[in-house]
Amino acid sequence: MNFKHKNIGFFDSGIGGISVLKNAIKLLENEVFIYFGDSKNAPYGNKTQNEIIELCTNICNFLIYENNCKAIVVACNTASSAAIKFLRDKYEPNIPIIGIEPAIKPAIEYVENNKLNGKILVLATPFTINGDKFKKSLSLYKNFKIESVALEELAYMIEENLDADIIYNYLNEKLGKYVKEVECVVLGCTHYNFIKDVFKNIFGDNVKIFDGIYGTNKELIRRLKIRNIENNFESKDFKKVYIYNSLNDQKINRCYNLLNLEVN
Ligand code: DGL
């Protein structure tokens, strides 16, 4: 594709990163976005680090060299956990690489500000939970009650659009025992953002749910500003989002549909 302007690339192992992109579109009105979902290789959460690094590198090459991207958002916690260091070493300083990670810090602030005593429950893929990056961030908050659960099948269930009842039963079985002790839940996988209602059903309205969406986009905006590479024209005449997927057109349609849904 021959773009006259430069774009912002977003990618995920499938549909999950759409939840991050949706918010970015609202915040950055003059930008054009290219989204790549790697549904053919989803889920990433059960793969090895080397496999994830290779997949991410191919996607970044596609976004940067074939789609004229000036910045990349790794809108997948698993990919960020596995590959962000490698991607930064390879592409920065030319291209800023922004990653998403479980929003533990805002959850800690919430617990502290409200003088709460309950647990913070972090939910993510096995790769994210077992990764060094997550362990390192946990070590910063040793004085807090943080529990983490790896949900091995959940990203796949959401990617495959399984029935909400099936997902509810799965989560109820895995998380039922935490319901009484938990004060907030951190969604550490971008796929999970699409089923916030199911989490609310399980934990009740008093439990606060955190995601990394706004924090990631705030960082994207900061990095664009530092480099002075924001688009300074009104892009009303441009199509704002181009979606690609490694699997098929059906997935692409689903992503466009999800972009039009509210993610609360
Ligand atoms: N959206 C990815 C994440 O945030 C999904 C994980 C996967 O593909 O296993 O971790």
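Atoms within each ligand, like the ligands themselves, are counted from 1 in listed order.
- Using modelled atom types and a 3.5 Å distance limit, the side chains of N58 and N61 yield no donor-acceptor pair.
- Neither the backbone nor the side chain of A42 has a heavy atom within less than 4.0 Å of ligand 1.
- Here salt bridge (Lys or Arg N to Asp or Glu O under 4.0 Å) pairs that include residues 103-118, with residues two or more places apart or in two chains, number zero.
- In terms of polar-atom proximity, G45 is counted as a contact of ligand 1, with an N or O under 3.5 Å from an N or O of the ligand.
- Sequence neighbours left out, the pairs with a member in residues 148-175 that pass salt bridge (Lys or Arg N to Asp or Glu O under 4.0 Å) are E159-K251.
- For the pair T125 and ligand 1, the shortest N or O to N or O distance does not fall below 3.5 Å.
- Atom 7 (C) of ligand 1 has as its closest protein heavy atom Y44 N, 3.2 Å.
- Looking from atom 2 (C) of ligand 1 to the surrounding protein, the closest heavy atom is C76 SG, 3.2 Å.
- Considering both main-chain and side-chain atoms, T128 never comes within under 3.5 Å of ligand 1 through any nitrogen or oxygen pair.
- Between the side chains of S81 and T78, no donor N or O sits under 3.5 Å from an acceptor N or O.
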Quiz item: Passes ring pair (Phe, Tyr, Trp, His ring centres under 6.0 Å), Y178 versus F203? Steps please.
Solution: CA-CA 9 Å; Y178 298 103; F203 290 100; 8.1 Å; no
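- Contacts of N77 with ligand 1, taken as heavy-atom pairs under 4.0 Å, involve both backbone and side chain.
- Among all protein heavy atoms, the one lying closest to atom 10 (O) of ligand 1 is T78 OG1, 2.5 Å.
- Applying the 4.0 Å criterion to heavy atoms of D12 picks out, from ligand 1, the atoms 1 (N), 2 (C).
- Between N46 and ligand 1, a contact under 3.5 Å exists for no N or O pair.
- Scanning all protein heavy atoms for the shortest distance to atom 5 (C) of ligand 1 gives H191 ND1, 3.3 Å.
- We find that R223 and E230 are not joined by a salt bridge, their nearest charged nitrogen and carboxylate oxygen being 4.0 Å or further apart.
- Although no hydrogens or angles enter the test, the distance criterion places a donor-acceptor pair under 3.5 Å between the side chain of N217 and the main chain of V20.
- Look at K208 and E183 and you find no salt bridge, because none of the NZ, NE, NH1 or NH2 atoms lies under 4.0 Å from a carboxylate O.
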